[in-house]
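Written below as structure tokens is the structure these notes are about.
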Amino acid sequence: DSGVTQTPKHLITATGQRVTLRCSPRSGDLSVYWYQQSLDQGLQFLIQYYNGEERAKGNILERFSAQQFPDLHSELNLSSLELGDSALYFCASSALDRTTDTQYFGPGTRLTVL
Amino acid sequence: GNSVTQMEGPVTLSEEAFLTINCTYTATGYPSLFWYVQYPGEGLQLLLKATKADDKGSNKGFEATYRKETTSFHLEKGSVQVSDSAVYFCALRPYNNNDMRFGAGTRLTVKP
């Protein structure tokens, strides 16, 4: 158990809808990262927040957004969903913002868009 | 740009066999290098890491050495067990940002 929790575990929705995925980092960790894992694209970094502020952006679509709240939990919002958004979405956390920090991954949320 | 290329799988070995999973990278500067393992239905777990050239990461009998001259970070284990069956990901984190790049993953199956 990494100490990172994600809810829900599974999510099934329809095209055009909007969903919110939630992540609670390990106790004391200030950085939260979001990743998408799909069969065709592999594991891709989406976005990072550090202590409430956006710190780095990867291959995140404009339809997707995230935020980190004062209690350090984070939410990833996916809107105007398409079939191709079906994937496993992982959250990870690390203590600080250094590139050498270990990231601890949550169990993931499996999103299915029908 | 920054990228990771790892050996395509799947890899099937008998118990107690020697394991090598190749990983090479392209990056500017000195990235940090990682091996993660993903068991079925679970998230990624850090297996080992190395943050500078010639560092050796090791954990649970697995080892990998950061080779700057060959831009490689190959994963090795001397004697695999059935419980090592999983997908292994090589990853790099650039020295100047947090855009982590992962390889495609290598599925390892160890048979008794």
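Chain letters run A, B, ... following the sequence lines, proteins first, then strands; residues in each count from 1.
Within the 4.5 angstrom heavy-atom criterion, atoms from both the backbone and the side chain of B/Leu44 approach chain A. Proximity to chain B involves both the backbone and the side chain of A/Asp97, based on heavy atoms less than 4.5 angstrom apart. Both the backbone and the side chain of B/Asn98 come within contact range of chain A, with heavy atoms under 4.5 Å apart.
When each of A/Gln37, A/Gln6, A/Gln41 is scored by its heavy-atom pairs under 4.5 Å with chain B, the top score falls to A/Gln37. Top candidate by heavy-atom pairs under 4.5 Å with chain A, chosen from B/Gly103, B/Gly43, B/Gly41, B/Ala104, is B/Gly43.
Here the two rings, on B/Phe102 and A/Phe45, have centers that are 6.0 Å apart or farther.
Contacts of residues 102-114 of chain A with chain B at a heavy-atom distance below 4.5 Å involve A/Thr102, A/Gln103, A/Phe105, A/Gly106, A/Pro107, listed in sequence order. The stretch residues 23-40 of chain B places B/Ser32, B/Phe34, B/Tyr36, B/Gln38 near chain A, each with some heavy atom under 4.5 Å from a heavy atom of that chain. Heavy-atom proximity under 4.5 angstrom to chain B picks out nothing from residues 68-79 of chain A. For residues 20-36 of chain A, the interface with chain B (any heavy-atom pair closer than 4.5 Å) comprises A/Tyr33, A/Tyr35, sorted by residue number.
At least one side-chain heavy atom of B/Phe73 sits under 4.5 Å from a side-chain heavy atom of B/Leu48. Side-chain contact between B/Lys77 and B/Phe18: absent, with no pair of heavy atoms (C-beta onward) separated by less than 4.5 Å. Between B/Leu19 and B/Phe62 the shortest side-chain heavy-atom distance falls below 4.5 Å. For the pair A/Thr15 and A/Leu83, the minimum side-chain heavy-atom distance is below 4.5 Å. Counting only heavy atoms from C-beta outward, the side chains of B/Thr12 and B/Lys111 approach each other to under 4.5 Å.
B/Val110 and B/Ile21 fall within the same hydrophobic cluster, where Ile, Leu, Val, Met, Phe, Trp and Tyr residues are linked whenever their side-chain heavy atoms come under 4.5 Å apart, directly or through other members.
The residues A/Asp101 and B/Arg93 are annotated as not salt-bridged, no charged nitrogen and carboxylate oxygen being separated by less than 4.0 angstrom. Taking the charged nitrogens against the carboxylate oxygens, B/Lys68 and B/Asp54 have no contact shorter than 4.0 Å, which rules out a salt bridge. Using a cut-off of 4.0 Å between Lys/Arg side-chain N and Asp/Glu carboxylate O, B/Asp99 and B/Arg101 are scored as salt-bridged. A salt bridge links B/Lys56 with B/Glu63; the closest basic N to acidic carboxylate O contact falls under 4.0 Å.
The two residues A/Glu54 and A/Ile47 have their closest heavy-atom pair at OE1-CD1, 3.7 Å.
With a 6.0 Å radius and a threshold of 12 heavy atoms from other residues, nucleotides or ligands, B/Gln81 has its CD atom above the threshold.
The closest donor-acceptor contact from the side chain of B/Glu16 to the backbone of B/Ser79 lies at 3.5 Å or more, if one exists at all. A/Ser38 contributes no side-chain N or O that, together with a main-chain N or O of A/Ala87, makes up a donor-acceptor pair within less than 3.5 Å.
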**Item:** CA sep, side-chain torsions, deciding dist, call: B/Leu75, B/Thr20, side-chain contact (heavy atoms from CB on, under 4.5 Å)
**Value:** CA-CA 6 Å; B/Leu75 182 69; B/Thr20 300; over 6 Å; no

